[in-house]
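Worksheet: the structure to be examined is printed underneath.
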Amino acid sequence: MKINLSATDNPNQIYKTFANEVKKQISQHKTIKPISYSCSLHDIGAIFEQRNQIQPLNRLYSNLAEFLVSCGESSLAGITYSFLIKLNKNNAQLIEKFATKALAIAKRQHDPVHIMARANDLNKIYRITEPGSDKHIKILYEIKRALAGICKNYESTQKRYMSVSTKMKPRKQYEIMLANIKTEIGELLRFKDPKLAEEELLSAREIFTKLGYTDKIKQINKLLGI
């Protein structure tokens with residue numbers, strides 16, 4: 001799906017051509033290649049960015065993502081939301097909006113890697129805006145479940161994993177991430193639910209012990225009061 005970006009200097013017209021082509025191919029039940037779609041998305045986005053037209057771009061791409069969801073094109077919608085999250089990296093309110101929508105898509109697709117990634121986008125916000133809140137703890141458990149699933153079913157997850165820009169990390173890195181999230185949960189729950197906090201911290205320590213991370217073990221022992 002190649003869009004001629006030199007056809008006009010009007011970014012809105014370029015976007016309209018792109019969106020119409022997407023809708024046409026969907027209506028004709030043609031497969032849109034994710035890598036081609038993503039390239040066009042970024043190329044057109046760059047034109048809007050060069051003209052400092054971020055707000056119009058947010059509106060257009062957000063509408064496009066919702067259209068794609070309504071058509072059952074969840075993968076393309078996820079790519080669109082991923083672009084919007086990166087585009088608005090300094091706007092916590094918009095990141096929360098787009099990451100929440102993208103997380104819902106990843107959960108419907110039973111995609112633990114993207115569940116983890118989108119939930120982590122939200123975690124970065126809640127660490128600053130409302131650390132330790134119920135909302136924050138809930139999103140940490142989303143990350144924990146996703147990472148546990150990746151570590152347990154790494155090979156099958158790797159076979160199903162599809163991304164236009166990144167490859168899966170080695171299993172060890174997901175194990176480290178899982179232990180770090182368990183540590184974060186344990187630290188936040190120390191006063192809310194000491195028993196559950198201890199369970200999370202002991203589980204994290206077990207992973208770090210297996211991996212030989214002595215500094216992390218000392219950190220957890222300190223939290224456990226050992």
Side-chain angles (χ1 to χ4, degrees), residues 58 62 65-66 68-69 74-75 77-154 156-157 160-163 166 168-169 171 173-208 213 216 219-220 222-225:
N58 281 332
S62 182
E66 290 178 13
L68 290 167
V69 169
S74 295
S75 294
I79 291 170
T80 310
Y81 282 127
S82 179
F83 174 87
L84 287 168
I85 290 166
K86 293 172 185 174
L87 178 70
N88 295 281
K89 60 185 177 183
N90 296 318
N91 189 323
Q93 186 175 4
L94 285 178
I95 290 175
E96 182 177 15
K97 174 184 174 182
F98 296 136
T100 299
K101 289 178 181 289
L103 176 59
I105 291 171
K107 289 172 76 171
R108 286 197 298 272
Q109 294 182 309
H110 305 288
D111 181 348
V113 178
H114 285 99
I115 289 172
M116 179 270 298
R118 299 293 75 84
N120 195 49
D121 289 328
L122 293 169
N123 182 32
K124 290 175 183 177
I125 295 171
Y126 299 151
R127 275 177 182 162
I128 298 170
T129 60
E130 43 190 307
S133 66
D134 289 344
K135 187 190 289 188
H136 186 202
I137 297 296
K138 182 179 179 181
I139 211 66
L140 285 172
Y141 273 104
E142 288 278 15
I143 299 171
K144 175 191 162 182
R145 284 191 293 271
L147 285 168
I150 294 168
C151 294
K152 182 179 179 181
N153 305 297
Y154 182 79
S156 60
T157 301
R160 293 187 294 107
Y161 178 65
M162 293 185 296
S163 174
T166 59
M168 278 186 64
K169 300 175 176 66
R171 187 201 296 264
Q173 288 189 241
Y174 292 108
E175 291 176 336
I176 294 168
M177 292 164 71
L178 176 59
N180 281 328
I181 285 296
K182 284 176 175 286
T183 304
E184 188 171 353
I185 293 172
E187 189 169 6
L188 290 173
L189 289 179
R190 275 189 305 162
F191 303 110
K192 284 186 175 183
D193 192 331
K195 185 177 179 180
L196 187 56
E198 184 180 24
E199 288 177 8
E200 295 292 352
L201 290 170
L202 288 173
S203 178
R205 189 176 69 179
E206 185 178 341
I207 297 171
F208 283 132
Y213 279 70
K216 291 289 188 178
Q219 176 192 347
I220 292 172
K222 186 176 180 180
L223 290 170
L224 288 168

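Basis for what follows: all heavy atoms, side chains included, without hydrogens, waters or symmetry-related copies.
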So do [Y] and [X] actually touch side chain to side chain, heavy atoms under 4.5 Å?
| X | Y | result |
| --- | --- | --- |
| Ile143 | Glu184 | no |
| Lys182 | Ile220 | no |
| Leu202 | Leu224 | yes |
| His114 | Gln109 | no |
| His136 | Thr129 | no |
| Ile150 | Met168 | yes |
| Val69 | Arg108 | yes |
| Thr183 | Gln219 | yes |

> Parallel, tilted or perpendicular for Tyr154 and Tyr174, by the 30°/60° rule?
Replying inline: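 Tilted: the ring planes of Tyr154 and Tyr174 meet at 30° to 60°.
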[X] and [Y]: which non-hydrogen atoms are nearest, and at how many Å?
| X | Y | value |
| --- | --- | --- |
| Ile137 | Gly132 | CG1-O, 4.0 Å |
| Pro112 | Thr157 | CG-CG2, 3.9 Å |
| Ala77 | Ala65 | CB-O, 3.7 Å |
| Ala92 | Ile125 | O-CD1, 3.4 Å |
| Ala99 | Ile85 | CA-CD1, 3.7 Å |
| Ala197 | Gly186 | CB-O, 3.3 Å |

Hey, could you give me the [atom1]/[atom2] distance between [X] and [Y], rounded to the nearest 0.5 Å?
| X | Y | atom1 | atom2 | result |
| --- | --- | --- | --- | --- |
| Thr80 | Phe98 | OG1 | CZ | 10.5 Å |
| Asn123 | Ile128 | CG | CD1 | 10.0 Å |
| Met116 | Asp111 | CE | CG | 9.5 Å |
| Leu140 | Lys144 | CG | NZ | 10.5 Å |
| Asp193 | Leu188 | CG | CG | 12.5 Å |
| Lys101 | Leu84 | NZ | CG | 11.0 Å |

>> If you count heavy atoms of other groups shown closer than 6.0 angstrom to NZ of Lys89, is the number above 12?
In response: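 No - once you tally the heavy atoms of other residues, nucleotides and ligands closer than 6.0 Å, there are 12 at most.
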>> Looking at Glu206, I'd like to know if its CD atom is crowded, meaning that more than 12 non-hydrogen atoms belonging to other residues, nucleotides or ligands lie closer than 6.0 Å.
In response: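 No, not enclosed.
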>> Assess whether a salt bridge exists between Glu142 and Arg118, defined as any Lys/Arg side-chain N lying under 4.0 Å from an Asp/Glu carboxylate O.
In response: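 No, Glu142 and Arg118 are not salt-bridged.
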>> Check Lys135 with Glu96, please: is the shortest side-chain N to carboxylate O separation under 4.0 Å?
In response: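 Yes, Glu96 and Lys135 are salt-bridged.
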> When you look at Ser62 and Glu66, which way does the side chain to side chain contact (heavy atoms under 4.5 Å, CB included) test go after all the steps?
Replying inline: CA-CA 6 Å; Ser62 182; Glu66 290 178 13; 4.0 Å; yes
> Taking it one step at a time, do Ile79 and Leu68 satisfy side chain to side chain contact (heavy atoms under 4.5 Å, CB included)?
Replying inline: CA-CA 10 Å; Ile79 291 170; Leu68 290 167; over 6 Å; no
>> So does Ile176 get a backbone contact from the side chain of Asn180, meaning a donor-acceptor N/O pair under 3.5 Å?
In response: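 Yes, Asn180 side chain to Ile176 backbone: donor-acceptor pair under 3.5 Å.
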> Is a donor on one side and an acceptor on the other found under 3.5 Å between the side chain of Asn153 and the backbone of Ser156?
Replying inline: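 Such a contact is absent between Asn153 side chain and Ser156 backbone.
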> Given Glu199 and Lys195, is the side chain to side chain contact (heavy atoms under 4.5 Å, CB included) satisfied, shown in steps?
Replying inline: CA-CA 6 Å; Glu199 288 177 8; Lys195 185 177 179 180; 4.1 Å; yes
